[in-house]
Each structure stands twice: as C-alpha cells, then as structure tokens.
Amino acid sequence: MRHFAVVGSGPAGFYTAEALGKAYGEQARIDIIDRYPVPYGLIRFGVAPDHQSLKAVSKRYDKVAESPGVDFIGNVTVGRDVAVEELLELYDGVILAIGAPHDRKLGIPGEDLPGVVGSAEFVGWYNGHPDFADLNPPLDGTHAAVIGNGNVALDCARILSKTRAEFDGSDIVGHALEALDGAAIRTVTILGRRGPHQIAMTPKELGELGHLEAAAPLVEGADFPPLQADDALEPGQRKSINILREFAATAPDVSKPKRMIFDFFARPVAIEGDGKAERIIVERTELDESGAARGTGETYEVPASLVISAIGYSSPHIDGVPYDERGGKFRNEGGRIADRLYAVGWARRGPTGTIGTNRPDGYEVAELVAAEMPVGSSSDRRGAEGLKQLLEQRGVMATDYDDWRKIEETEAGRARPGSPREKFVRAEDWLAALGR
Ligand code: NAP
C-alpha cells in the first residue's frame, strides 16, 4: 500500500488524484487536502460565475472524490496546521497542487492607493472567496480600468459591464450582485501594454463582449497591423484578432450606455489621485524588434476610480519548499521538487493554460510518481490515520467529503431566484452549516 497527499483540490489536484487512482487502483490511498472546508479551488473561486458550463467540470471531480481510496480532507492549511516535512513523514508522496492565488505586483507608484485591486481580489470578491468578502471595490465612479490583455482581464471587464438580468443562472454571490447592480460605472478601459496581435484572450471569451445587453466594445482600427500580417498567427489567435477587427469595424450601439474601450500600446506608469485612485498615467508604447513593449515617452491620463490589475498570478511560498521567484511557482523539474515531493498545475508551471491543461499535467506527474514508486511496492507510512491524529492533537477541525455535500445542499437551499445557489463566503458559515 502507498499513501499520497495531494495538497489543493482545484483542477490540478483532482486530475492528479484521478490519475494516481487509475495507476495504483487498490494499491494506494489518496488524500486531497484543502485549506477550505469546500473543494474545487479555481472552479469555485476563480472561474467566472456566469461561465457555469466551465464550472460543470466539478461533476467529474465529484466522481474522483467518491471513488474508493480517495478522501477529501478540508479546513487544513499545509504550512500552518501541518508542515510539508510532516506530510512527507506520513505519506509516500506529497503533490503540491495549490495553484497561484496571489496577484503579481505592477511595480508602479500609486498601486497601493485605495481603489486599486488585484484581479485575484476582485474575482475572489464576486466569487465568494472568504479572504475577499470585505473588499468593497469602489463602484461609485463612472470610470474603471482593467490592466492586462488576458482572459482574466476580460472576465473582470465583463462582470463590471453586465446587467443584473445577465447574471441569471450564474452563481455570483449576493453581495457582489447587489453592489454591481448599483454601480455607476459607464466606461471600462482595458489597457494592453502591447498590440492586438499580442493579446492572450481566447475567441469565445472575447466574442461575448459583442453580445452584452448594456455595453459595447470599442476598438481603434489604427492599432492593427496590415490584414495580411494575420496570416502568420496561429488559428485560435487569428480568430480572436478577427473578432477584435469586427469590433473595430462596427460603430458602437448608441442604445447601450456602457463602453468597454480597448486601449492598446498603453503601459501604466503610475496611478494617481487624492488619497485614492482617480487616474492612471499611461505611456504610449510600440513594439521593439523582439516584440516587447518599448515606451515612446508620450504619456496621457486614463480616468479610473477603480483599477483592477489582471497581469498574472503567483503561488504562495511554503516553508521548506524551494521557490522560483521569477516564475512565481515552486522550483521543480518536470514536476519533481525533491525526493517524494512534487508540484502540479499552476504551482508547477506558472499561471498559464486552461482548466483542461491541468489534465495532462496531472497525469504526467502521476506517471512520474508511479515510476519512482512502482505499483505494487509498499511502505509502512500511516497516511490519513497519522494525519488525522496529528490534526486532532492540534485542535484542527478537518472536514470530509460528506461534510462538503452537506454544505453544498445548504447552499443550494439558499439559492435566490435566477441563481443555482447562494454560496457561503465565510469559513464560520461553512462550519455553522455543519452544526460546528
Ligand atoms: P495572462 O493570460 O498571462 O495575461 C496577462 C496579461 O497581463 C498579458 O496581457 C500581459 O501582457 C499583461 N501584463 C503582464 N505584466 C504586465 C505589466 N506589468 N503591465 C501591464 N500589463 C502586464 O494571465 P491571466 O489573464 O491572469 O490568465 C491566466 C490563465 O488563466 C491564462 O492561461 C488564461 O487563458 C486562463 N484563463 C482562462 C479563462 C477561460 O478560458 N475562460 C478565463 C480566465 C483565465 P504581455 O503579454 O505583454 O506580457
């Protein structure tokens, strides 16, 4: 028998557990540990609430959690309640699948002003992440800006621009829905430090902006290279650029009161305001020979009382685990950090790719584990039994998969009209739902 601890219950964690389960069958017990009493990580706290079809992948993860040999152990923070070294004593292999929940810093003056928030904070706020329930982003101004040209920037801009009715069927939390419904925002500027060809936005997500009830995208035709330059793009990117070109060619619908302005070749150099964010100072850029943004020296102001920086994420440090500061992830080779210690998903490769990218990633790391600890081999490590004993001694109230199902049922029972559920946003509420 082998015992494995997968730390983190997002896509990377579940795909790895699934792969380990397939590889070892009855020869292994797999514990999926999470700092929250509820599973799914990015699916619950990161994926946009109006993208329910993406969230449906958690049904597959349920099957993994329900399979024999796999357990969910929630409400346990590795690095605080239990150290990685302790897990390595108890388990044959420890796989860190903790994602990249921290915002990267802009590194410009004014980024700590009230009104400037990272996308992890903003996304966490509308998705019911307990750390950001009290964010209260300022929505009383008419101008907001999102920095970055990736899919997260699109998520943030879209959520800011939707009407209340457009959240029907979503699982956006009530506090965010109410606040957004009362927002005064009319203009959302999306700042990209490079040009249309360099966006990291996928066609489906970009296309949605063309069909919003009250907001219209605005793109400047002069920002594009000549049409024939699109031939060199890979097909997905070409599709995205086509959508942008269509936006540029279409006069914005004047019946829609909100605008989403794509401002390309625009690098924020400072955020200014009287005790809070009021404007971004932006430098016009051009592409240098290597394709990087080079400042032209020309600057201008973009008004914004809410600034969301959506420029990428990093994984948190964990005591004793080597870290790659530049990559914002654990130092690893092909998923291997050290003897019997591994990383998967964003903790392994940095915050890139879609949910599905984590599947081959998890299977690859499971293969590596199985190569180092062949199926049929065994050890006398104690796994969950030892972990539970340790947690009990430390007064840590761990939750299991049945607890999660009770929480889920309670959330579903509190659903407001038009929403599949009203999520709990505080750890105390989760535990209260369990009568603890
Ligand atoms: P991303 O795709 O890496 O985009 C980050 C953006 O920030 C890039 O446009 C980058 O520009 C810009 N940026 C970085 N540093 C900057 C700086 N200092 N100043 C100004 N701009 C800066 O990251 P993401 O949007 O956070 O997304 C993370 C991953 O999740 C991606 O793989 C994404 O596709 C995925 N995701 C998918 C979905 C979906 O499928 N629906 C939804 C959300 C996220 P440069 O290119 O110039 O560096």
Side-chain angles (χ1 to χ4, degrees), residues 10-12 41-43 45-57 99-111 116-124 126-127 145-159 170 189-209 236-237 239-240 244 262-271 280-288 290-295 302 304 307-315 326-329 345-358 361:
L42 183 91
I43 304 297
F45 297 122
V47 171
D50 56 341
H51 283 170
Q52 288 294 307
S53 58
L54 288 180
K55 295 200 175 207
V57 71
H102 291 180
D103 284 304
R104 279 181 181 272
K105 299 292 274 179
L106 282 163
I108 60 174
E111 77 170 309
V116 184
V117 300
S119 54
E121 299 174 296
F122 186 67
V123 169
Y126 63 63
N127 262 331
V146 182
I147 301 171
N149 266 182
N151 279 326
V152 172
L154 277 183
D155 279 347
C156 295
R158 187 182 70 255
I159 295 292
S170 80
T189 305
I190 303 166
L191 294 163
R193 63 180 171 181
R194 299 191 289 158
H197 268 202
Q198 287 74 38
I199 57 167
M201 299 167 169
T202 41
K204 184 178 161 288
E205 283 63 31
L206 194 55
E208 277 178 82
L209 299 198
Q237 187 74 343
K239 259 193 195 170
S240 290
L244 274 181
F262 283 83
D263 193 354
F264 291 112
F265 301 108
R267 174 165 68 192
V269 290
I271 300 166
I280 308 176
I281 309 300
V282 177
E283 182 179 23
R284 190 54 79 210
T285 63
E286 58 192 14
L287 295 180
D288 69 12
S290 70
R294 170 172 59 202
V302 171
V307 179
I308 302 170
S309 76
I311 61 165
Y313 299 126
S314 59
S315 296
R326 264 197 90 193
K329 57 185 180 169
W346 284 5
R348 167 191 175 183
R349 56 173 210 277
T352 58
T354 60
I355 294 163
T357 315
N358 293 297
D361 191 310

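Only heavy atoms go into these numbers, but all of them, side chains included; no hydrogens, no water, no symmetry mates. Atoms within a ligand are numbered from 1 in the order they appear, just like the ligands themselves. The first residue of the sequence shown is numbered 1, and numbering continues consecutively from there.
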Give me the residue, atom name and distance of the protein heavy atom closest to [atom].
atom: atom 40 (O) of ligand 1; answer: Glu205 OE2, 3.8 Å
atom: atom 34 (O) of ligand 1; answer: Asn151 ND2, 3.0 Å
atom: atom 12 (C) of ligand 1; answer: Gly148 CA, 4.0 Å
atom: atom 35 (C) of ligand 1; answer: Gly353 O, 3.6 Å
atom: atom 23 (O) of ligand 1; answer: Gly312 CA, 4.4 Å

Number the atoms of ligand 1 from 1 as they appear, then name those within less than 4.0 Å of a heavy atom of [X], with their elements.
X: Pro351; result: 28 (C), 29 (C)
X: Ile147; result: 20 (C)
X: Ala200; result: 2 (O)
X: Thr352; result: 32 (O)
X: Asp155; result: 42 (C), 43 (C)
X: Arg194; result: 45 (P), 46 (O), 47 (O)
X: Gly150; result: 2 (O), 4 (O), 6 (C), 9 (O), 25 (O)
X: Trp346; result: 29 (C), 30 (O)

Applying a 4.0 Å heavy-atom criterion (strictly less than), which segment of [X] is in contact with ligand 1: side chain, backbone, both, or neither?
X: Ile355; answer: neither
X: Ala310; answer: backbone
X: Val47; answer: neither

Heavy atom of protein closer than 4.0 angstrom to atom 3 (O) of ligand 1: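 No, there is no protein heavy atom closer to it than 4.0 Å.
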Which of these, [options], has its nearest heavy atom closest to [atom]?
atom: atom 13 (N) of ligand 1; options: Ile199, Leu191, Ile311; result: Ile311
atom: atom 16 (C) of ligand 1; options: Lys204, Met201, Arg193; result: Arg193
atom: atom 6 (C) of ligand 1; options: Ile108, Asn149, Leu106; result: Asn149

What residue among Leu191, Thr285, Ile199 forms side-chain contact (heavy atoms from CB on, under 4.5 Å) with Phe264?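 Only one option passes, and that is Ile199.
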Evaluate the ring planes of Phe122 and Tyr126, with Trp represented by its six-membered ring, and classify them as parallel (under 30°), tilted (30 to 60°) or perpendicular (over 60°).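 Perpendicular.
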Side-chain donor/acceptor of [X] to backbone N/O of [Y], under 3.5 Å:
X: Glu111; Y: Gly107; value: yes
X: Asp103; Y: Ser119; value: yes
X: Glu205; Y: Asp155; value: no
X: Asp361; Y: Ala12; value: no

Does Val152 reach ligand 1 with a nitrogen or oxygen that is under 3.5 Å from one of the ligand's nitrogen or oxygen atoms?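 Min N/O separation from ligand 1 is below 3.5 Å for Val152.
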Output yes when Arg284 and Asp263 qualify as a salt bridge under the 4.0 Å nitrogen-oxygen rule, no when they do not.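 Answer for the salt bridge query: yes.
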